[in-house]
Amino acid sequence: MKIIGTGFTGLVGSRIMELNPDVEFVNISIETGVSILNPAQLEKVFTDNQDAQGVLHLAAFTDTNAAWDQKGDQSGLCYQLNVVGTQNIVNLCQKYGKYLIHISTDYVFDGNKVGPYTEGDATSAIEWYGETKAMAEKVVTDFGINAAIVRLAFPYRAKFDSKVDIVRKIKAKIENGDTLNLFDDQITTPTFIDDIANGLKIFFDQKPTGIYHLVGSSSQSPYDMAKTIANVFGLDDSKIVATKLADYLKTEGARPFAPNAALSNDKIKTLGITMKTLRDGLEEMKKQLSL
């Protein structure tokens, strides 16, 4: 199997390559001399790899703080990469008849729903990164191509030097004896990246269409997440302090945060995909770190 993809050098993409050695991945990235903002460069990849069975679009501008500084700026890198770049990929998938897996995010929701968000809920982003990702989703759906939109949330893994994910960041701070002030009134859905990599292989094979949440099987507050990390790794949790998102949002200049970022992964089970809870993912991470 051959898959054309963007973002394979990143936190998630590099692990997808590691866990799917039987797949030939054609990497579109600045590192390989191809920009998703350059249609001519992109098209050469498609013409040179017309035997590819699909396209996986992972690349995105994901720095949410930097994105907030660019709010409303369609010339900014966040909009350009997330919306224009996606449009360029979609155009070529349409032209060459390629199945597309477009990676999106839980940030497309405002967080005001009671209970987990499902794939049937309308997007309602409240900050620029999420807005641009919702726009990108609309690009995919409006063109009516053979595609799946796959939303991820707070991905983490055992090892990756180039970028520290939320779990390893919290773990390092606990190990350093730092005080962690974490919200206990916000809900997130952290996801073990190995599950994402294994799940996407099923997408490559089955080519389902529509929207799917490829996320962990448990949702909890950042505070509870840190407590669980400390427990699994046998660390002192005495400096993990509960704070309130509600209080933060009252401060001047506060960036908006969704209070509820819980996503349901029930639909993904219909494809035969199972996802770990946070505790189960951490236990597997612990095993991998001991190797």
Side-chain angles (χ1 to χ4, degrees), residues 10-12 14-15 18-19 62-66 68 105-107 111 115-116 127 129 152-199 213-265 274-291:
L11 177 72
V12 176
S14 59
R15 190 61 172 158
E18 290 171 8
L19 292 181
T62 58
D63 185 332
T64 54
N65 288 321
W68 182 244
T105 174
D106 55 334
Y107 279 75
E127 42 80 73
Y129 166 67
L152 311 182
F154 293 91
Y156 66 93
R157 59 188 286 185
K159 304 172 185 177
F160 187 65
D161 292 338
S162 299
K163 183 177 182 180
V164 181
D165 56 62
I166 184 64
V167 166
R168 284 180 294 138
K169 189 177 295 184
I170 289 173
K171 178 174 175 286
K173 285 181 177 295
I174 298 171
E175 289 170 337
N176 289 338
D178 298 340
T179 298
L180 279 80
N181 297 299
L182 296 170
F183 300 138
D184 67 357
D185 58 344
Q186 181 190 31
I187 302 298
T188 63
T189 310
T191 310
F192 189 48
I193 289 176
D194 290 18
D195 287 350
I196 295 171
N198 294 327
H213 293 166
L214 189 60
V215 299
S217 290
S218 63
S219 300
Q220 56 280 303
S221 70
Y223 171 79
D224 287 333
M225 176 167 54
K227 287 282 191 178
T228 304
I229 292 168
N231 181 262
V232 168
F233 287 95
L235 303 173
D236 178 11
D237 66 358
S238 62
K239 291 188 176 181
I240 301 171
V241 180
T243 59
K244 298 295 182 186
L245 173 62
D247 292 336
Y248 165 78
L249 293 175
K250 295 173 186 175
T251 61
E252 186 177 353
R255 204 192 95 210
F257 281 85
N260 175 29
L263 299 187
S264 167
N265 66 8
T274 58
M275 307 293 286
K276 291 180 181 62
T277 62
L278 173 63
R279 180 171 291 275
D280 288 343
L282 292 174
E283 292 287 0
E284 179 59 30
M285 179 180 168
K286 185 178 178 180
K287 290 179 189 175
Q288 292 179 12
L289 287 171
S290 68
L291 297 177

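In what follows, every heavy atom counts, from backbone to side chain, and hydrogens, waters and symmetry copies are set aside.
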Problem - Leu278 backbone acceptor or donor facing Ser218 side chain under 3.5 Å - result: yes
Exercise for the section: Using a 4.5 Å cut-off on heavy atoms from C-beta on, say whether the side chain of Ile196 contacts that of Arg15. Expected result: no
Fill in the blank from the handout: Note: Asn265 and Gly216 closest approach over all heavy atoms is ND2-O, 3.2 Å
Exercise for the section: Return the orientation label for the Tyr107 and Tyr129 ring planes: parallel under 30°, perpendicular over 60°, tilted otherwise. Expected result: perpendicular
Problem - Tyr156 side, atom OH; Ile229 side, atom CD1 - distance, nearest 0.5 Å - result: 8.5 Å
Exercise for the section: Check for a donor-acceptor pair, side chain of Ser217 on one end and backbone N or O of Met275 on the other, with a separation under 3.5 Å. Expected result: yes
Exercise for the section: Enter the distance from Lys171:NZ to Asn176:CG here, rounded to the nearest 0.5 Å. Expected result: 10.0 Å
Practice task
Examine distances only and state if a side-chain atom of Thr228 and a backbone atom of Arg279 form a donor-acceptor pair shorter than 3.5 Å.
Solution key: no
Practice task
Using a strict 4.0 Å threshold on nitrogen-to-oxygen distance, state whether Glu18 and Arg157 make a salt bridge.
Solution key: yes
Exercise for the section: Answer whether the closest heavy-atom distance between the side chains of Asn231 and Lys227 falls below 4.5 Å. Expected result: no
If you look only at distance, which donor and acceptor atoms sit under 3.5 Å apart when one is on a side chain in residues 177-184 and the other is two or more places apart or in another chain?
{"unit_1": "Asp184", "atom_1": "OD1", "unit_2": "Lys244", "atom_2": "NZ", "d": "2.9"}
{"unit_1": "Asp184", "atom_1": "OD2", "unit_2": "Lys244", "atom_2": "NZ", "d": "3.3"}

Practice task
Determine yes or no for a side-chain-to-main-chain donor-acceptor pair under 3.5 angstrom, with Tyr223 supplying the side chain and Asp185 the backbone.
Solution key: no
Problem - Nearest non-hydrogen partners of Ser14 and Gly10, listed with the distance - result: OG-O, 2.7 Å
Problem - Check: Lys286 side chain, Val232 main-chain N or O, donor-acceptor pair, under 3.5 Å - result: yes
Exercise for the section: To the nearest 0.5 Å, tell me how far Lys276 NZ sits from Asn198 CG. Expected result: 7.0 Å
Handout entry: Pairwise side-chain contact, Asp237 with Ile174, heavy-atom cut-off 4.5 Å (strictly under)
Key = no
Practice task
Give a yes or no on whether the backbone of Gly115 and the side-chain of Asn260 come within a donor-acceptor separation of less than 3.5 Å.
Solution key: yes
Fill in the blank from the handout: Leu245 and Pro259 have their tightest heavy-atom pair at CD2-CA, 3.7 Å
Handout entry: Pairwise distance CE(Met285) to CG(Asp280) - rounded to 0.5 angstrom
Key = 14.5 Å
Practice task
With sequence neighbours excluded, tell me which residues meet side-chain contact (heavy atoms from CB on, under 4.5 Å) with Ala197.
Solution key: Ile16, Leu19, Asn20
Handout entry: Any donor-acceptor N/O pair, Thr189 side chain to Leu263 backbone, under 3.5 Å
Key = yes
Fill in the blank from the handout: Closest heavy-atom pair, Ala158 versus Leu289, reported as atoms and distance to 0.1 Å, is O-CD2, 3.4 Å
Handout entry: Heavy-atom pair of closest approach, residues Ala258 and Gln186
Key = O-NE2, 3.2 Å
Practice task
Using modelled atom types only, decide if a donor and an acceptor are shared between the side chain of Thr188 and the backbone of Ser219 within a distance under 3.5 Å.
Solution key: no
Handout entry: Interatomic distance, Leu282 atom CG to Met225 atom CE [nearest 0.5 angstrom]
Key = 9.0 Å
Handout entry: salt_bridge(Asp165, Arg168) N-O dist < 4.0 Å
Key = yes
Exercise for the section: Drop me the distance from Ile193's CD1 to Phe154's CZ, to the nearest 0.5 angstrom. Expected result: 13.0 Å
Practice task
Verify the neighbour count for atom NZ of Lys287: are there more than 12 heavy atoms of other residues, nucleotides or ligands below 6.0 Å?
Solution key: no
